[in-house]
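This report concerns only the one structure given below.
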Amino acid sequence: MLMLRCPRSRQPERAYAARVLLEEVLGLPFILEWEDREDWELRVAGDSGQGAVLLLSDVLLGMPERKWLSPDSLPREPLARLDMEDVGSLPVIYGELLETEGERGSSHEEKRAAVGPDAEGRLIREEAEGTVLRCGLDLFGSSFFMLTRYEEMVIPDRDSHGRFPVRASLAYREDFLDFPVVNAYAELLWSLLLRLWPRLDGLRRRRQVRKVVSHDVDHPFFAHRRRGRFSLLKEAAADALKRWDFEAAWKKCRLVPWAAGGGDRVRETDPYNTFRWLMEQSERAGVRSSFYFIPEQTDPRYDEAYTLEDPEIAGLLRTIHARGHEIGLHPGYGAYLSPQDIRRQFALLRQGAEAAGVRQDAWGGRQHFLRWRAPDTWQAWEEAGLDYDSSLGYPDSPGFRCGICQEYPVFNLATRRMLKLRERPLIVMEQTVWHPEHGGDRCEVRAFERIRRLYRQCARYGGDFTLLWHNSELVHQADRRLYRKCLEELS
């Protein structure tokens, strides 16, 4: 059992950071104690007073109250890099230089300000003949920064949909968006623990990589009951004349003569009706798919006009559940800042699911358009009674927005409370690697290689590779080939 001693300030924040890094990621139990001190101290319970000790710097969570959640509390750039064997090159989000003999008495702020690109050799040091190990990288504070989306409460930048843009993020600017830095911090912490206490080897809980696949049902059918022939023909023409996409245009155009009548003939050939195919691919790969439905239209510009009471939607819910896959929530475009709307839409989803005979132990989903704001959207999901969210990815770039490749409990920076809600960070949305308008690349080889690099990062840490592929984004044969490769060939 580890003994963790830390400063008395910001106790909810410290307890949360320790819980995620030690218990959630490393699987190590620990006892937390509060002391009048300026760093974090780790010992092994039962060691004598002369036993080994690991000391970790405390920068972010030791920030003066006047600077907390202000621009002055953000990391100093450019970041230093710490090269560690078996861990790689780690960005030092928060840290401080370890004192030399000539620097005794330097202030905390002076040491923090000195951390820069040339600081690598001053961040880890052995003392007292190897029984004391000091690390100047603020592992707990840096992880807290990423997990809570701290910067998103400080930086005001937003895009036209109210979303925090990837280019405003530290990970994008410092080029570690493709790297699960929190998992790497945990590996560094583990390596430091083993240097002092080799007997801990074997106590850690190891995870296995898994594929977590989901499908946002923005448009269940191209030719749905509330859409007229002119609307269908207009979109098919736009595919052909504006996007030069003749394959999509043909598949949509051939539905126009039959659209008004609806029925099985239209649905069987509808290019968006890929549910059966998706489930077949998942079942063949041993994966359980999650399908997230919009229960209520909030903005006709962005939300499709379907309801869970539509016979074809109710039938979909029954079929998905009967085949062992998951039903989830996809709140409408306008709901992300409204606890009342999210609560009502979750109730509608539960009602529709119950009417279709769907019973589930856990409920989760993802915000439509990835519209999310820290910490308000998390809090709304918590109050609605959902178990997990999977909205935390960027709409125009794949990667590790939260710096982690596994599910974890979330923390509300405003109320200073850890919530029951868990986050399943979104690593890849198909549009971000496959659609040029979202930063993607229509070359199958390059798109798959980009996906594979992210998957291998998840595999390296035994994480969850979270993939979103919309049912309406499988119109082309190339779409299906790439999706099938993601399930069958990623390793």
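For clarity, every value in this text was computed on a predicted model and none was experimentally measured.
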Is there a side-chain contact between [X] and [Y], using heavy atoms and a 4.5 Å cut-off?
X      : Y      : answer
Leu200 : Leu2   : yes
Tyr150 : Ile93  : no
Arg480 : Gln281 : no
Lys211 : Leu467 : no
Asn273 : Pro220 : no
Val212 : Glu407 : no
Leu329 : Pro295 : yes
Tyr394 : Thr432 : no

Charged N to carboxylate O under 4.0 angstrom, [X] versus [Y]?
X      : Y      : value
Asp157 : Arg163 : no
Arg207 : Asp464 : yes
Asp216 : Arg366 : yes
Arg204 : Glu187 : yes
Arg205 : Glu24  : no
Arg446 : Glu449 : no
Glu423 : Arg149 : no
Glu296 : Arg344 : yes

Around Tyr172, counting heavy atoms of other residues, nucleotides and ligands shown, do more than 12 lie under 6.0 Å from its OH?
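Count not over threshold, so no.
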May I ask you to establish whether Lys485 and Phe448 are in a cation-pi arrangement, using a distance under 6.0 Å from NZ or CZ to the six-membered ring centre and at most 45° from the ring axis?
yes
Classify the side-chain pair [X]/[Y] by whether it contains a donor and acceptor separated by less than 3.5 Å.
X      : Y      : answer
Glu473 : His435 : yes
Gln11  : Arg14  : no
Tyr292 : Ser390 : no
Asn471 : Thr274 : no

Side chain to side chain donor-acceptor pair (under 3.5 Å) pairs, two or more places apart, involving residues 320-337:
His161-Tyr333, Asp218-His330, Glu283-Arg323, Glu283-His325, Ser290-Glu326, Glu326-Tyr388, His330-His368
Is the side chain of [X] donor-acceptor paired with the backbone N or O of [Y] at a distance under 3.5 Å, no angle test?
X      : Y      : value
Asp303 : Pro300 : no
Glu151 : Leu170 : yes
Asp310 : Glu312 : no
Arg173 : Ala168 : yes

Restricting to non-hydrogen atoms, name the atom on [X] and the atom on [Y] that form the minimum distance, rounded to 0.1 Å.
X      : Y      : value
Leu278 : His215 : CD2-CE1, 3.6 Å
Pro71  : Val154 : N-CG1, 3.6 Å
Arg424 : Thr466 : O-CG2, 4.4 Å
Pro398 : Asp178 : O-OD1, 4.0 Å
Ser282 : Tyr483 : OG-OH, 4.1 Å
Met146 : Cys402 : CB-O, 3.4 Å

Anything under 30° is parallel, anything over 60° is perpendicular, the rest tilted; go ahead and classify Trp378 against Trp372.
perpendicular
Non-neighbouring partners of Ala285 that pass side-chain contact (heavy atoms from CB on, under 4.5 Å), sequence neighbours left out
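In terms of side-chain contact (heavy atoms from CB on, under 4.5 Å), with neighbours along the sequence ignored, Ala285 is linked to Val287, Leu487.
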Tell me if the aromatic rings of Phe179 and Phe400 count as close, with their centers under 6.0 Å from one another.
no
Centroid-centroid under 6.0 Å between Phe221 and Tyr306 rings
no
Partner of Tyr16 under ring pair (Phe, Tyr, Trp, His ring centres under 6.0 Å), chosen from Phe140, Phe411, Tyr408
Phe411
